[in-house]
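All remarks here apply to the structure that follows.
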Number of protein chains: 2
Amino acid sequence: MTSRLHAHIGTIRQLEIFLAVYEGGSITAASEMLYLTQPTVSMQIKKLAETIDMPLYEQIGRKLVFTDAGHALATTAKDVLNSFIDLETKLSDLRGLKAGTLKIAVVTTSQYFIPHLLGPFCERYPAIDIQLKVANRQQVIDRLSAGMDDFYVFSHLPEDIEMETIEFLPNPLVAIAPQNHPLTAKKRIHLETISDAPFLMREKGSGTRFAIEEFMKEHQIQLNLKMTIESNEAIKHAVMSGLGISILSAHTLAFGGRAGLVELAIKPLPIKTHWYFAWLKGKQLSIIANTFLNYVQSEGKETLLSELRQEQLDV
Amino acid sequence: MTSRLHAHIGTIRQLEIFLAVYEGGSITAASEMLYLTQPTVSMQIKKLAETIDMPLYEQIGRKLVFTDAGHALATTAKDVLNSFIDLETKLSDLRGLKAGTLKIAVVTTSQYFIPHLLGPFCERYPAIDIQLKVANRQQVIDRLSAGMDDFYVFSHLPEDIEMETIEFLPNPLVAIAPQNHPLTAKKRIHLETISDAPFLMREKGSGTRFAIEEFMKEHQIQLNLKMTIESNEAIKHAVMSGLGISILSAHTLAFGGRAGLVELAIKPLPIKTHWYFAWLKGKQLSIIANTFLNYVQSEGKETLLSELRQEQLDV
DNA sequence: TTTTTATATAGATAAAAGTCTATATATTGA
DNA sequence: TCAATATATAGACTTTTATCTATATAAAAA
């Protein structure tokens with residue numbers, strides 16, 4: 001099969017002309033509708049009938065009487081032209097931000113604040129469909145390499161991929177302990193103290209872990225690693241139940257997430273890291289993506305900061 | 001509006017090629033599917049994107065990542081190409097008698113036997129849709145002039161229209177009276193006798209009336225016209241209830257339609273007329289129409305004659 | 001780094017689409 | 001029968017489509 005479908009049904013223009021003839025009831029009427037000369041229409045219809053290889057109508061006196069083939073073709077022509085009109089509408093919606101998809105992939109820790117950023121954007125552009133993928137760092141990196149999404153959110157940026165980035169928000173890492181822990185009473189805790197307590201840590205590859213390790217190396221502190229846990233929520237619950245202390249993004253405590261936990265007043269903390277919005281270098285941002293980027297850098301950032309301040313986190 | 005839709009969405013071939021790219025996931029894959037060179041596909045897609053005036057995809061590494069516009073276009077392309085495939089099927093059905101419409105317009109009197117002719121044809125070609133229009137003579141003539149149907153059935157052919165015709169079946173006109181009428185006892189009734197009885201006649205323009213008038217003029221008989229009635233069935237019931245006698249097509253009595261009525265044995269009757277199948281001269285008969293014509297002239301005629309013989313009508 | 005695998009661009013070309021003007025033909029209605 | 005109304009055909013022309021070959025460019029894999 002050579003798959004040359006179009007050869008059997010004529011051109012789109014011919015369908016358009018035929019439909020005008022069908023609806024106008026005559027060649028001349030169609031030619032006037034389309035601002036063409038009568039022979040032009042006559043010709044195109046003749047060609048169309050030749051490619052179809054069946055007569056489309058018969059001329060009885062002054063009237064055109066359409067054959068079964070003519071009726072069938074008219075039906076198809078209507079369907080097809082309507083499909084095109086629908087497409088045009090869709091495309092102009094896409095051009096005008098009245099449709100389309102914004103795809104974002106984020107590492108798990110950022111799931112605590114990202115929805116608070118997307119909410120107002122959604123409200124502003126209700127017709128835009130947002131697809132948010134929450135995955136672990138490696139999965140987000142894979143999606144980044146494959147160019148699957150518009151934006152990616154990291155705390156610790158991957159190094160071997162060429163990207164564009166913007167530093168978006170401070171991501172302070174704070175030490176937490178259960179409410180009844182002896183250290184919670186103290187107003188100023190020395191960093192060295194932390195070595196004594198059993199420490200709960202995120203898994204290797206985690207951005208949080210990377211930042212903690214860098215920080216401790218710098219301050220020449222050896223942690224007393226008790227357990228590796230792959231989830232912030234699980235770590236919080238482990239801390240609550242007295243298994244140890246930990247250092248986590250302050251955002252994991254925001255928006256009602258600090259029940260039963262106390263932030264320790266350790267002197268050089270918090271560890272100052274940042275959240276980054278990243279996208280593949282060279283990838284042409286869609287209009288929607290651009291719009292989102294502008295939003296993030298202006299209102300989005302402001303809104304989020306003020307929300308976090310209300311939560312009394314030292315962001 | 002210049003109504004040049006096609007200018008905005010490319011050619012059918014381009015849609016076809018784009019769909020191959022979309023489904024194959026790469027330009028090269030598409031070119032192999034379609035037996036084209038890679039630059040050909042690349043070019044056509046580029047043109048398509050230019051007419052749409054939006055990028056359809058982005059190349060990320062070795063993969064193509066489609067934009068929203070690309071996805072929308074692919075959906076439309078699928079719809080459109082499927083419409084064409086459906087059309088092709090329909091057309092080839094039409095070519096092969098596996099679809100299509102046979103349109104016939106008949107004068108009211110012939111409605112008594114025409115269905116018995118169409119029945120077996122329908123069974124033989126179950127996919128063919130038959131549209132039977134039963135109307136008065138003038139309406140059938142109007143449809144004939146406008147070329148609205150494939151065939152027309154008359155007893156008395158119109159004179160001022162150029163047509164092709166075939167004489168199909170005898171249409172004997174017989175005299176009828178109610179069962180209790182004094183004449184029903186007689187075995188041989190003189191034609192003149194008819195002048196005495198009140199006579200019920202079809203309306204002017206009716207083929208039956210035309211034939212009766214011609215016949216009576218020839219035999220120099222003056223009828224005692226009592227009433228003009230526009231329907232065979234109404235005439236039969238008027239005769240039954242003793243309003244008078246009449247002359248009607250024997251076929252109106254066939255297939256169980258003679259209850260309460262008796263055919264009078266008037267000597268030079270029945271009046272011998274015929275049923276004709278007619279169609280516009282110069283109108284190209286469709287394959288279906290041709291098939292029907294052949295059927296009518298062979299099996300159709302035979303079947304109908306033998307059915308009528310069983311009804312003991314002297315056809 | 002080189003090879004392999006993809007896509008894009010340039011330049012050429014045959015065929016088809018799409019349009020026109022001028023003219024012929026057919027039908028209807030006065 | 002003639003004027004009015006329709007459709008069809010002929011011939012010409014421009015633009016676009018749909019291809020190709022050859023070559024450049026880019027990324028991934030070895």
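These numbers come from the heavy atoms of this one structure, side chains and all, not from hydrogens, waters or symmetry mates. Residue numbers start from 1 in every chain, and the chains themselves are labelled A, B, ... in the order their sequence lines are given, proteins ahead of strands.
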Exercise for review: Establish, with yes or no, whether the OP1 or OP2 oxygen of C:dA6 is under 4.0 angstrom from a side-chain nitrogen or oxygen of B:Thr28.
Suggested key: no
Check your understanding: In whole angstrom, what separates A:Gln44's CD from D:dT16's C1'?
Key -> 13 Å
Practice item. Go along nucleotides 25-30 of chain C 5' to 3' and tag each nucleotide: B for a protein heavy atom under 4.0 Å from its base, S when only backbone or sugar atoms are that close, - otherwise. Key: --BB--
Point to revise | Set of residues satisfying ring-ring contact (aromatic ring centres under 6.0 Å, His included) with respect to B:His274, sequence neighbours excluded | key: none
**Study point:** For B:Gln138, all residues meeting side chain to side chain contact (heavy atoms under 4.5 Å, CB included), sequence neighbours excluded
**Key:** B:Asn136, B:Ile141, B:Asp142
**Study point:** With sequence neighbours excluded, residues passing salt bridge (Lys or Arg N to Asp or Glu O under 4.0 Å) with A:Asp149
**Key:** A:Arg143
**Study point:** Interatomic distance, B:Arg13 CZ vs D:dT16 C1' [rounded to whole Å]
**Key:** 16 Å
Practice item. Establish, with yes or no, whether the OP1 or OP2 oxygen of D:dT9 is under 4.0 angstrom from a side-chain nitrogen or oxygen of A:Lys46. Key: yes
Revision key, fill the gap. Between CG of A:Leu48 and C1' of C:dA17 the distance, given in whole Å, is 13 Å
Study note, to complete from the structure: Between CD1 of A:Ile12 and P of D:dT16 the distance, given in whole Å, is 15 Å
Review point. Rounded to the Å, how far apart are A:Glu16 CD and C:dT19 P?
Key: 9 Å
Exercise for review: State whether the number of non-hydrogen atoms from other residues, nucleotides or ligands found under 6.0 Å of B:Glu50 atom CD is greater than 12.
Suggested key: yes
Review point. Can you list the residues that meet the salt bridge (Lys or Arg N to Asp or Glu O under 4.0 Å) rule with A:Glu164, with sequence neighbours excluded?
Key: none
Point to revise | End axis versus end axis in the helix from C:dT1-D:dA30 to C:dA30-D:dT1, the angle rounded to 10°, five pairs used at each terminus | key: 30°
Practice item. List in chain and number order the residues that pass side chain to side chain contact (heavy atoms under 4.5 Å, CB included) with B:Ala49, two or more places apart in sequence or in another chain; answer none if no residue qualifies. Key: B:Leu56
Exercise for review: Measure the distance from CG on A:Leu280 to P on D:dA27 and round it to the nearest whole Å.
Suggested key: 11 Å
Revision key, fill the gap. Here the side chain to side chain donor-acceptor pair (under 3.5 Å) pairs for residues 52-62 of chain B, sequence neighbours left out, are none
Revision key, fill the gap. Whole-Å distance, B:Leu34 CG to D:dT17 P, equals 18 Å
**Study point:** Under the side chain to side chain contact (heavy atoms under 4.5 Å, CB included) test, residues paired with B:Ser286 that sit two or more places apart
**Key:** B:Asp150, B:Ile288, B:Ala289
Check your understanding: Can you check whether B:Thr11 has a side-chain N or O nearer than 4.0 Å to OP1 or OP2 of D:dT16?
Key -> no
Review point. Mind checking whether A:Tyr152 and A:Phe154 have parallel, tilted or perpendicular rings, split at 30° and 60°?
Key: parallel
Check your understanding: For B:Ile17 and D:dT19, what is the distance between atoms CD1 and C1' respectively, to the nearest whole Å?
Key -> 9 Å
Review point. By ring-ring contact (aromatic ring centres under 6.0 Å, His included), which residues pair with B:Tyr125, not counting sequence neighbours?
Key: B:Phe121
Exercise for review: Quick one: list whatever passes salt bridge (Lys or Arg N to Asp or Glu O under 4.0 Å) with A:Glu32, sequence neighbours left out.
Suggested key: none
Name the pairs: protein N/O against N/O of nucleotides 20-22 of chain D, kept only if under 3.5 Å.
from: D:dC20; atom 1: OP2; to: B:Thr37; atom 2: N; distance (Å): 3.1
from: D:dC20; atom 1: OP2; to: B:Thr37; atom 2: OG1; distance (Å): 2.8
from: D:dC20; atom 1: OP2; to: B:Thr40; atom 2: OG1; distance (Å): 2.4

